[in-house]
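Accompanying notes for the structure given below.
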Amino acid sequence: MSGTQPDNRFVDTKPWVDADDLSAPERADFDASAWQLTWRKFRRHRLGLISGLFLLLCYLLLPVAGFIAPYTPNERSADYLYHPPQSINLWHDGSFIGPFVYPTVAEPDLVNYRWTYVTDATRPMPLEFFCEGREYRLFGLIPSDTHLFCAPEGATVFLWGSDRLGRDVFSRILYGAQLSLTVGLIGITVSFTLGIFFGAIAGYFGGKTDWIINRAIEILRSLPELPLWLALSAAVPSNWGPVAVFFIISIILGILDWPGLARAVRSKFLSLREEEYVKAAEMMGARPGRVIRRHLLPNFMSHLIASATLSIPAMILGETALSYLGLGLRAPAVSWGVMLNDAQNLASIEIYPWTAIPMLPIIVVVLAFNFLGDGLRSSLDPYKS
Amino acid sequence: MAALLDVSSLTIGFGDAAAVVEDVSFRVEKGRTLALVGESGSGKTLTCRSILRILPKAAQLRGGSIRWTPGTDGAALDLLTLPERRMRDLRGSQISMIFQEPMRSLSPLHRLGDQVSEVLHLHQSISRAEAKRQVLAQFDRVGFADPERAWRSYPFEMSGGMRQRAMIAMAMVGRPELLIADEPTTALDVTTQAQVLGLIKELQAEIGMAVILVTHDLGVVANMADEVVVMNRGRVMESGRASDILGAPAHAYTAKLFAAAPMIPATPSPARAMPHDDLILDIRNVSKSFTMRAGGWRGPVAVTACRDVNLSLQRGKTLAVVGESGSGKTTCAQVALGAVQPDPGGEVLFRPVPGAEPINVHNMTETQRRSFQRQAQMVFQDPFSSLSPRMRIQQALTEPLEIHGIGNRAERREKAAQTLQLVGLSPDMLGRYPHAFSGGQRQRLSIARALTLDPKLLVCDEPTSALDVSVQDQILTLLEDIRDQAGLSYLFISHDLAVVARIADEVAVMRAGVIVEQAPPGTLFHDPRHPYTRALIAAQPEPDLSRPIDLDLVAQGAGEPSGWPEMFRFEGTEAPVLRELSPGHMVRCHV
């Protein structure tokens, strides 16, 4: 060793300077806002990122669902009841034709007493693109009748089959997404507003307020959920339009969901309130409203967003369950739950398995929300590397 | 003969970054104590964790070797390449470790006896009765008055010092040849620290084990170590015999550490009493008791946090309140700032300008409250929790101005930039977030925030106890400069007499909720009267080999008040009266 002296004494001989730049950030990698740091970490959570992009895509498609769907939701093809899914082909007899379908003809099966569909594999019929179909409203406002693709004259394009009234399942799923996916958002907004408000005042003020809110939460949570949903939705007048019912349903879901969130907010508040920056703000004379808005909320907003992402699936499932039972949305409104209502009959699932296809988007979306929420939660604490 | 442990050219790094431990070499001889000294981030903890191979997952060993030669003629083992099974056999039986946080290193769900005897069951086949006998003997050795009770109790029933004793018992019960103690006393009060250090030393002599003591405190080094390794930024700066290094530090970094270490003056001289004619803060007869809900159906219990506290702070001076945790010093500070209402009969008077009508802090009108909040500010202990991570530094600094509606945007920004310069930082930092900065930098920010309102009184609640020695020195210098520049008055809460010795004009020593002695620091160190004050002074580890800790004084003064000499003893809960023995020197005693 270079600096070893007698008696095992060692002194480092490298030049040493007392370089202390007082204003230089110690952790240059942390020199960004908390949101940026969270994003940097979230980017590495691949499953969460993919799920997030997928959900983003889903929500972006909602306003233009009518354009993508070849049919409108309640358009009936009376000749094609319970039509099985059709495939779109590109090659016919070894030559490339482009996307086309084979026409089908319904034949009565008098033994099993149902329709069977015979595919005529000799006549490829190319799909039409940007074609005219039934009228729908783009973004719910602009009337339009252009569809991305539709079946050629004399053929049908039932990607995922048709239901008992001859409606296209694929198109209905797209339209159903409009309600099924937004019910979660509206529900979560209601539940958030209530949950943050009550959780915040319980956690911040403590004492009697806290006691009263906690007991209220416990009472709400002790009510059996399903019968309560049933009772509340049964109370919705049956002469209301589908949109009104939709709003009421999402608000009901939100009202029943807030106690859980309020508890999370409260416990987070209790711990954040002990942080010294909160005490510092109080000692400077900040009023409770300011302390809550400027110091407490920003510091656990990220936790809230993660928990919201994790509770949207519950809302979606709630809507589905209610509609499935026939107590949520009602026809002519289309949602995934309403579609599954048709699949209640075991026999029909056995014979026409495609009527249960709306379960797939539910599963995929719920999983995606869970992955996204998980990814967000694990990147919430950006200061740990 | 080979050394017991020989670490050579150890290099550890994370990811692609430069090594955080670089070319570290040292040897530990049998039965000797090696102190690994350094500030946070110096790599000392990683180094000693690599001996037990309990490094964080992301750490890579980039080179070097650690050779372990147990027994008298044992063969040398390379601890870095030993199979995991053999390594497990070593841990706890031949090499054991004590961690810094006694609360977090004991499982809260298991009784102490079970946790400690687990070590024995893991490494030898031993009957339950025999294990219990050995553990009880060990408990007795580490100073539990009733080993049977300690065996049955859970960690949360014990104080920090007692938990650390249990940790030591756990580390020693396997009779290891090497004990690694990672800052074993940093979380403890100074008197407890002295006793725990004494205990480690005693046990070491008894079973002849070697000790690696990781610490940032040169005072602890002087009291414990035979050999010293000084580390900075992952490199060894200097190593050698303790007497050599402490006597004549050769490296500039070691010299800097010495210069920064706070010391109680070796030859204190009595100081003149501080005048009390222009008081900015006057705490009169303040007591505070809290009612705690007892478990089950029992009625609430009253707990007294502080009793009969009278403190007066002269304008422009610093009054320090010193005591161990639970002595009531923080309650005093909270009462002084009006955050806690004292029991009836006590009052706190605040005079913003000389001769003005005093404001009663606990009975203010709304306008008085607003102006009091501007004039009295607080600096907190933990620099990591005192700034909101979601606020830019500018927002944090201008917030007090916003709350009080002072100035417009540009003026507030200007003021924030000014205070940043006042605390020695560059105004470029305004747009940054606090989480990129170190503890010392954050503590400066926190001081800057307290200063933006141009207060007259600053309450500092242990502002340096979470900082490294050299940073502590800088912050204390800063606080002194600001006090003199801006004519501030400080109420300074601390557990460290050496820090207080430097900054305070008057010191009040608290114990069990009462002030036991009060005097200017010079007088207090020159002629400490109260046994507890003497214990505090004796327990203070000094980086000076000629002033070792006097454990007898510590044991007497830091024990229960019932063990004090007759003159100072409490009668039941009644404490004797605080008497003025000489001008400005008050002691709680019977005459």
Side-chain angles (χ1 to χ4, degrees), chain A residues 1-38 271-272 274-287 290-291 294-302 381-385, chain B residues 14 25-27 41 58 227 229 232 235-241 244-245 250-253 256 337 339 369-370 373-374 376-378 380-382 385-392 395-396 399-400 403-404 420 424-426 428-429 432-433 435-438 440-441 444 446 449-450 453 470 474:
Chain A
M1 273 186 283
S2 51
T4 311
Q5 296 167 3
D7 313 333
N8 268 335
R9 180 121 187 222
F10 164 82
V11 179
D12 193 38
T13 44
K14 255 195 173 178
W16 183 83
V17 275
D18 190 4
D20 255 359
D21 182 2
L22 271 180
S23 304
E26 190 199 28
R27 298 288 306 260
D29 48 335
F30 283 171
D31 192 13
S33 76
W35 290 114
Q36 281 166 297
L37 294 176
T38 308
S271 69
L272 276 180
E274 299 301 314
E275 294 281 325
E276 284 179 348
Y277 58 83
V278 176
K279 288 204 184 127
E282 281 170 354
M283 269 176 195
M284 282 175 231
R287 294 174 205 284
R290 184 184 176 98
V291 175
R294 297 291 296 273
H295 293 270
L296 296 173
L297 277 181
N299 275 295
F300 75 104
M301 211 46 185
S302 44
D381 201 352
Y383 310 117
K384 285 197 196 117
S385 43
Chain B
F14 286 94
S25 309
F26 56 83
R27 291 149 64 91
E227 314 277 332
V229 174
N232 180 33
R235 293 177 53 85
V236 175
M237 296 283 110
E238 183 169 2
S239 67
R241 276 209 296 254
D244 296 343
I245 289 190
H251 196 280
Y253 177 71
K256 182 186 159 191
L337 276 177
R369 182 180 305 280
R370 299 301 274 181
Q373 281 162 345
R374 285 182 58 171
Q377 288 289 321
M378 183 148 177
F380 293 88
Q381 175 175 6
D382 181 3
S385 104
S386 58
L387 293 160
S388 167
R390 305 276 158 163
M391 280 176 133
R392 284 178 198 276
Q395 284 172 302
E399 194 187 18
I403 292 173
H404 290 275
L420 266 189
L425 299 172
S426 133
D428 304 342
M429 279 169 67
R432 293 224 160 94
Y433 285 87
H435 43 237
F437 295 98
S438 68
Q441 289 168 320
R444 280 172 195 264
S446 165
R449 178 181 57 192
L453 285 172
S470 62
Q474 293 171 3

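Since this is a predicted model, take the numbers as computed values, not measurements. Labels below follow one simple rule: chain letters A, B, ... track the order of the sequence lines, proteins then strands, and each chain is numbered from 1.
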Side chain, backbone, both or neither: which part of [X] has a non-hydrogen atom closer than 4.5 Å to chain A?
{"X": "Asn232(B)", "answer": "side chain"}
{"X": "Met237(B)", "answer": "both"}
{"X": "Leu420(B)", "answer": "neither"}
{"X": "Gln395(B)", "answer": "side chain"}
{"X": "Arg374(B)", "answer": "neither"}
{"X": "Leu387(B)", "answer": "backbone"}
{"X": "Ala339(B)", "answer": "side chain"}

Under a 4.5 Å cut-off applied to non-hydrogen side-chain atoms, are Pro400(B) and Arg449(B) in contact?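 Yes, close enough: below the 4.5 Å cut-off.
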Beyond-backbone contact of Gln377(B) with Met283(A), side-chain heavy atoms, under 4.5 angstrom: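 Gln377(B) does not reach Met283(A) side chain to side chain.
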So what's closer than 4.5 Å to chain B heavy atoms on Glu274(A): side chain, backbone, both or neither?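 Contact with chain B: none, neither part.
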Distance-minimising heavy-atom pair for Ser25(B) and Val236(B):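 Nearest pair, atom of Ser25(B) first, then Val236(B): N-CG2, 4.3 Å.
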Looking only at heavy atoms and a cut-off of under 4.5 Å, which of His404(B), Arg370(B), Arg392(B) has the most pairs with chain A?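 Looking at each of His404(B), Arg370(B), Arg392(B) in turn, Arg370(B) comes out on top.
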Donor-acceptor contacts, no H, no angles, side chain residues 294-301 of chain A, under 3.5 Å, sequence neighbours left out:
{"from": "Arg294(A)", "atom 1": "NH1", "to": "Glu402(B)", "atom 2": "OE1", "distance (Å)": "3.3"}
{"from": "His295(A)", "atom 1": "NE2", "to": "Glu399(B)", "atom 2": "OE1", "distance (Å)": "2.8"}
{"from": "His295(A)", "atom 1": "NE2", "to": "Glu399(B)", "atom 2": "OE2", "distance (Å)": "2.7"}
{"from": "Asn299(A)", "atom 1": "ND2", "to": "Tyr277(A)", "atom 2": "OH", "distance (Å)": "3.1"}
{"from": "Asn299(A)", "atom 1": "ND2", "to": "His295(A)", "atom 2": "O", "distance (Å)": "2.7"}
{"from": "Asn299(A)", "atom 1": "ND2", "to": "Ser388(B)", "atom 2": "OG", "distance (Å)": "3.0"}

Arg235(B): salt bridge (Lys or Arg N to Asp or Glu O under 4.0 Å) partners, not counting sequence neighbours: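 Applying salt bridge (Lys or Arg N to Asp or Glu O under 4.0 Å) to Arg235(B) gives Asp12(A), Glu22(B).
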Verify, without hydrogens or angle tests, whether Glu238(B) (side chain) and Ala250(B) (backbone) share a donor-acceptor contact under 3.5 angstrom.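 At least one qualifying donor-acceptor pair exists.
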May I ask you to check whether Tyr253(B) and His251(B) place their ring centers less than 6.0 Å from one another?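 That pair fails the under 6.0 Å test.
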